[in-house]
Amino acid sequence: QNLLMENKTGKYLKYAIGEIVLVVIGILIALSINNWNEAKKNYQIEQNFFRDVLDDFQKDRSEMVNNIEFFENRIEQLRWLLYKVRHPKEDLYIFEFREHIEPLYYDMPPISYSSAFEAAKSSGTFEKIKNKDILKTLTQYYTEFSEIDALLKSTLRIIEGQLEPIMGRIPQSSIQLSSSKKVVSINQYDNTSFYQLLEEIGDERDISIDLKSFIQKPEFESYLTGDLGRSFNSIYNIKSRLELLKNIEKSIESYLNDPSLHINPE
């Protein structure tokens, strides 16, 4: 006001411009600090997200290894049975037959550990993830689980729709504790007590069956070869998914451990 009253307009304008510059600088500093804090916050969110995904991957890997073990065991039993079908002169005993057929009654429930991914998806965390390439691959990984899910569920449908009707002609009195020897019961309850109970009940009926004639029926061999094909296909798909997991895991670990790739607040 003094400058204006003294008609020192030039000095007044310099003073006003100086004040404006100071205000602008203050705003820019405040924005910079705010952006720095936001970037730091997002950086930590991304770090936690990827580490949680790696934890889920450990569970996923364990599950897939179990799946492969399950189907490898299934193939072993199917191979033994198919050999007996195609070598009719070989000895074949009902309790021995039961040990190899019993594992085929079991299926492998499909499980995917995706809690970290789903939680981030529902909470809007994806918007804060800087590495979109890894995020895209992760999305593909979890989306493609539906293929494994359908494949493993088909095993149960085929057991119920094909195996059980065929095996309904075999006397159930042949089931005893030894029948469970080759069962790989992963993610399922221990059925030892079930087999033990059946053995304890016993069976005094005079029931006999021409087992060699039974396994020569075309539908029995057809089931064995079909189950073999599906089991090999299941292993292939699970191993492919396991390889994808390894590649994504490697990318995440490289990203987390390489300082040049980190989210650095600017």
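Keep in mind that this is a model prediction, so the values were computed, not measured.
Side-chain atoms of Glu99 do not come within 3.5 Å of backbone N or O of Lys181 as any donor-acceptor pair. Panel note: side chain Ser123, backbone Ala119; a donor-acceptor pair is recorded below 3.5 Å. A distance-only check finds a donor-acceptor pair linking the side chain of Lys132 to the backbone of Phe126 [under 3.5 Å].
Surrounding OH of Tyr142 are more than 12 heavy atoms belonging to other residues, nucleotides or ligands, all under 6.0 Å away. For Lys250, the NZ atom sits in a loose shell: 12 or fewer heavy atoms of surrounding residues, nucleotides or ligands are nearer than 6.0 Å. When the shell of 6.0 Å around CD of Glu127 is examined, it contains 12 or fewer heavy atoms from other residues, nucleotides or ligands. Remark: Tyr105 OH is packed, more than 12 non-hydrogen atoms of other residues, nucleotides or ligands lying under 6.0 Å away.
Considering all non-hydrogen atoms of both residues, Arg74 and Tyr106 come closest at NH1-O, 2.9 Å. Closest heavy-atom contact between Asp203 and Arg205: OD2-NH2, 2.6 Å. What you find for Leu54 and Glu249 is that their closest heavy atoms are CD2-CG, 3.7 Å. The two residues Tyr141 and Leu245 make their nearest non-hydrogen contact at OH-CD1, 3.1 Å. In plain terms, the two heavy atoms of Ala116 and Phe49 that are nearest each other are O-CE1, 3.8 Å. Of all heavy-atom pairs between Ser174 and Ile94, the closest is CB-CG1, 3.4 Å.
Using modelled atom types, one finds a donor on one side chain and an acceptor on the other under 3.5 Å when comparing Gln77 with Asn73. In this model, a donor atom of one side chain and an acceptor atom of the other lie less than 3.5 Å apart for Asn233 and Asn237. In this model, no donor atom of one side chain and acceptor atom of the other lie less than 3.5 Å apart for Glu46 and Asn42.
Residue pairs meeting the side chain to side chain donor-acceptor pair (under 3.5 Å) criterion with at least one partner in residues 152-162, sequence neighbours excluded, are Asp149-Lys153. Annotation: ring pair (Phe, Tyr, Trp, His ring centres under 6.0 Å) contacts involving residues 145-183, sequence neighbours excluded, are absent.
Contact annotation: the side chain of Leu163 never approaches that of Ile158 to less than 4.5 Å [non-hydrogen atoms, C-beta and beyond]. Ile235 places a side-chain heavy atom less than 4.5 Å from the side chain of Ile75. Using a 4.5 Å cut-off on side-chain heavy atoms (C-beta onward), Leu82 and Thr225 make contact. At least one side-chain heavy atom of Ile248 sits less than 4.5 Å from a side-chain heavy atom of Leu244. Leu138 places a side-chain heavy atom less than 4.5 Å from the side chain of Phe57. Residues Tyr113 and Asp55 have side chains not in contact (no heavy-atom distance under 4.5 Å, counting atoms from C-beta outward). The closest side-chain heavy-atom distance from Arg61 to Lys246 is below 4.5 Å. Inter-residue side-chain proximity for Phe117 and Asp56 is flagged as unmet; no heavy-atom pair is nearer than 4.5 Å.
By the side chain to side chain donor-acceptor pair (under 3.5 Å) test, Tyr83 is found to be paired with Glu90, residues two or more places apart in sequence or in another chain being considered. With sequence neighbours left out, Phe214 forms a ring-ring contact (aromatic ring centres under 6.0 Å, His included) with Phe220. For Tyr195, the ring-ring contact (aromatic ring centres under 6.0 Å, His included) criterion is met by no residue, not counting sequence neighbours. With sequence neighbours excluded, no residue forms a side chain to side chain donor-acceptor pair (under 3.5 Å) with Arg79.
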Evaluate side-chain contact (heavy atoms from CB on, under 4.5 Å) for Asn66 paired with Phe70, printing each intermediate quantity in order. CA-CA 6 Å; Asn66 288 341; Phe70 173 84; over 6 Å; no
Run the side-chain contact (heavy atoms from CB on, under 4.5 Å) test on Ile170 and Ile209 for me, step by step, so that the C-alpha distance in whole Å, both residues' side-chain angles and the decisive distance to 0.1 Å come before the verdict. CA-CA 7 Å; Ile170 297 288; Ile209 182 174; 3.3 Å; yes
Let's go through Asn48 and Ile45 carefully: what are the C-alpha distance in whole Å and the side-chain angles of both, what is the deciding distance for side-chain contact (heavy atoms from CB on, under 4.5 Å) to 0.1 Å, and is it a yes or a no? CA-CA 5 Å; Asn48 293 338; Ile45 289 173; 5.8 Å; no
Ser251 and Thr137: CA distance, side-chain angles, deciding distance, side-chain contact (heavy atoms from CB on, under 4.5 Å) verdict: CA-CA 10 Å; Ser251 297; Thr137 311; over 6 Å; no
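How far NZ of Lys89 is from NE2 of His87: 11.0 Å, rounded to the nearest 0.5 Å. The distance from the NZ atom of Lys130 to the OH atom of Tyr43 is 10.5 Å, given to the nearest 0.5 Å. A distance of 11.5 Å separates NZ in Lys59 from CD1 in Ile111, rounded to the nearest 0.5 Å. Residue Leu211 holds its CG atom at 9.5 Å from CZ of Arg98, rounded to the nearest 0.5 Å. Residue Asp227 holds its CG atom at 9.0 Å from OG of Ser234, rounded to the nearest 0.5 Å. Taken from CD in Glu102 to OG in Ser180, the straight-line distance is 8.0 Å, to the nearest 0.5 Å.
Residues Leu156 and Leu78 do not share a hydrophobic cluster, defined by chaining ILVMFWY side chains whose heavy atoms lie under 4.5 Å apart. Residues Met108 and Leu151 do not share a hydrophobic cluster, defined by chaining ILVMFWY side chains whose heavy atoms lie under 4.5 Å apart. One hydrophobic cluster, built from ILVMFWY side chains closer than 4.5 Å, holds both Phe95 and Leu177.
Glu147 and Arg241 are not joined by a salt bridge, as no carboxylate oxygen comes within less than 4.0 angstrom of a charged side-chain nitrogen.
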